[in-house]
Amino acid sequence: MRWLLPLLIGLAAAPAAAREALGTFGGWAAFRDLTPRRCYAIGQPEPAKGQAPTGGSLAIAFWPAAGAAGQLHARLGPAAPRGGTAMLAIGARRFPLRRQGRDLWAADAAADAAIAPALRSGETIAILVRDGRAHYTDLYPPRGLATAIDAAALACAAQR
């Protein structure tokens with residue numbers, strides 16, 4: 001849980017009127033931004049034993065004005081390979097991800113629609129990047145994610 005503190009401090013650095021913390025849930029936090037109006041659940045990967053945090057993050061966002069609900073966005077840490085393919089692994093399920101630099105997105109809206117419910121019940125969550133011989137993995141804690149997603153979804157639904 002100590003690794004979540006830097007994420008929360010960084011997010012809290014935005015103007016106080018622009019971001020509202022909705023709560024922390026296990027290894028996840030939920031926020032509501034007023035401008036632009038969006039709500040999201042966000043977490044950092046668990047650092048490997050004896051390792052520093054990777055600097056990555058995984059978020060599920062709700063953007064009412066854009067009609068987006070449950071949109072996945074992941075950010076790779078700076079040690080990730082610059083190229084290669086990326087995949088989200090939730091238990092035995094695999095979802096290919098679009099990559100733009102260190103940013104990752106679901107392949108399309110249909111993939112987002114499948115990912116959000118899978119995340120809610122996943123016992124293991126990982127971002128995997130393969131680039132030739134280079135392998136990069138971020139492991140995310142599942143505990144609290146479903147509650148953080150619910151908090152974000154409800155916060156944006158209440159603003160309509």
Side-chain angles (χ1 to χ4, degrees), residues 1 3-4 7-8 10-11 14 18-46 53-77 80-131 135-160:
M1 185 61 125
W3 52 268
L4 187 59
L7 172 68
L8 296 176
L11 289 172
R19 177 163 293 130
E20 176 186 0
L22 302 172
T24 57
F25 312 94
W28 298 86
F31 294 91
R32 174 175 36 205
D33 289 348
L34 301 178
T35 306
R37 196 174 91 173
R38 66 181 176 163
C39 304
Y40 52 95
I42 188 167
Q44 290 181 307
E46 297 177 318
T54 66
S57 65
L58 177 68
I60 301 295
F62 300 85
W63 298 74
Q71 184 179 53
L72 175 115
H73 174 255
R75 178 115 172 122
L76 299 172
R82 293 188 183 269
T85 59
M87 180 177 304
L88 174 64
I90 306 169
R93 297 187 69 184
R94 302 290 185 263
F95 299 91
L97 299 174
R98 283 185 299 120
R99 183 169 183 185
Q100 185 174 5
R102 291 176 46 202
D103 293 304
L104 305 173
W105 307 90
D108 53 33
D112 269 327
I115 288 170
L119 283 170
R120 297 178 63 75
S121 61
E123 292 184 22
T124 59
I125 302 166
I127 298 285
L128 312 169
V129 178
R130 304 288 182 253
D131 180 17
H135 298 279
Y136 175 92
T137 303
D138 276 340
L139 299 173
Y140 289 86
R143 189 175 71 80
L145 177 56
T147 307
I149 291 172
D150 288 346
L154 287 171
C156 269
Q159 290 183 350
R160 288 185 186 155

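Owing to the predicted nature of the structure, the values given are computational and were not obtained by experimental measurement. Residues: numbered from 1 along the sequence shown.
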Are the side chain of D33 and the backbone N or O of P36 linked by a donor-acceptor pair below 3.5 Å?
no
Using 0.5 Å steps for rounding, measure from the OG1 atom of T85 to the CZ atom of R130.
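Here the interatomic distance stands at 8.0 Å.
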Could you list the residues that satisfy side-chain hydrogen bond (donor to acceptor under 3.5 Å, both in side chains) with R99, not counting sequence neighbours?
none
Please give me the minimum heavy-atom distance between G70 and I60, naming the atom from each residue.
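Minimum heavy-atom contact is CA-CG2, 3.6 Å.
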Applying ring pair (Phe, Tyr, Trp, His ring centres under 6.0 Å) to W105 and not counting sequence neighbours gives H73
Write down the atom of G77, the atom of D138, and the distance for their closest heavy-atom approach.
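Shortest heavy-atom contact: N-OD2, 4.4 Å.
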Less than 4.5 Å apart, side chain to side chain, heavy atoms only: is that true for L119 and I90?
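In contact.
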Please confirm whether the backbone N or O of L72 pairs with a side-chain atom of Y40, one donor and one acceptor, at under 3.5 Å?
no
Are P142 and E123 packed together at the side-chain level, in the sense that at least one heavy-atom pair is separated by less than 4.5 angstrom?
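No; the side chains remain at least 4.5 Å from each other.
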Step through the shown structure and confirm whether more than 12 heavy atoms of other residues, nucleotides or ligands are within 6.0 Å of CZ on R82.
no
Where do S57 and P45 come nearest, in terms of heavy atoms and distance?
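Of all heavy-atom pairs spanning S57 and P45, the closest is N-CD, 4.2 Å.
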Decide yes or no for T137 and I127: does some side-chain heavy atom of the first lie under 4.5 Å from some side-chain heavy atom of the second?
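No, every pair of side-chain atoms sits at 4.5 Å or beyond.
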Check: D131 main-chain N/O paired with Y136 side-chain donor or acceptor under 3.5 Å:
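Side chain of Y136 to backbone of D131, a donor-acceptor pair under 3.5 Å: no, none is there.
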Nearest 0.5 Å please: distance from the CG atom of L154 over to the CG atom of L22.
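Rounded to the nearest 0.5 Å, the CG-CG separation comes out at 9.5 Å.
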Any chance you could measure L139, atom CG, to L128, atom CG, to the nearest 0.5 Å?
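That separation rounds to 8.0 Å.
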Quick check for you: to the nearest 0.5 Å, what is the distance between W28 atom CH2 and I149 atom CD1?
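If we round to the nearest 0.5 Å, W28:CH2 and I149:CD1 are 7.5 Å apart.
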Please name the pair of heavy atoms, one in F62 and one in A69, separated by the smallest distance, quoted to 0.1 Å.
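Heavy atoms of F62 and A69 come nearest at CD2-CA, 3.6 Å.
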First locate atom CZ of R38, then atom CZ of R19, and finally report the distance between them rounded to the nearest 0.5 Å.
6.0 Å
Just so I know, are the side chains of I125 and L88 near enough to count as touching, which here means a heavy-atom distance under 4.5 Å?
yes
Distance in Å, T54 OG1 paired with E46 CD, rounded so as to fall on 0.5 Å steps
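Going from the OG1 atom of T54 to the CD atom of E46 covers 11.0 Å.
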Short question: side chain of R102, backbone of L76 - any donor-acceptor pair under 3.5 Å?
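Yes, because the side chain of R102 sits within donor-acceptor range (under 3.5 Å) of the backbone of L76.
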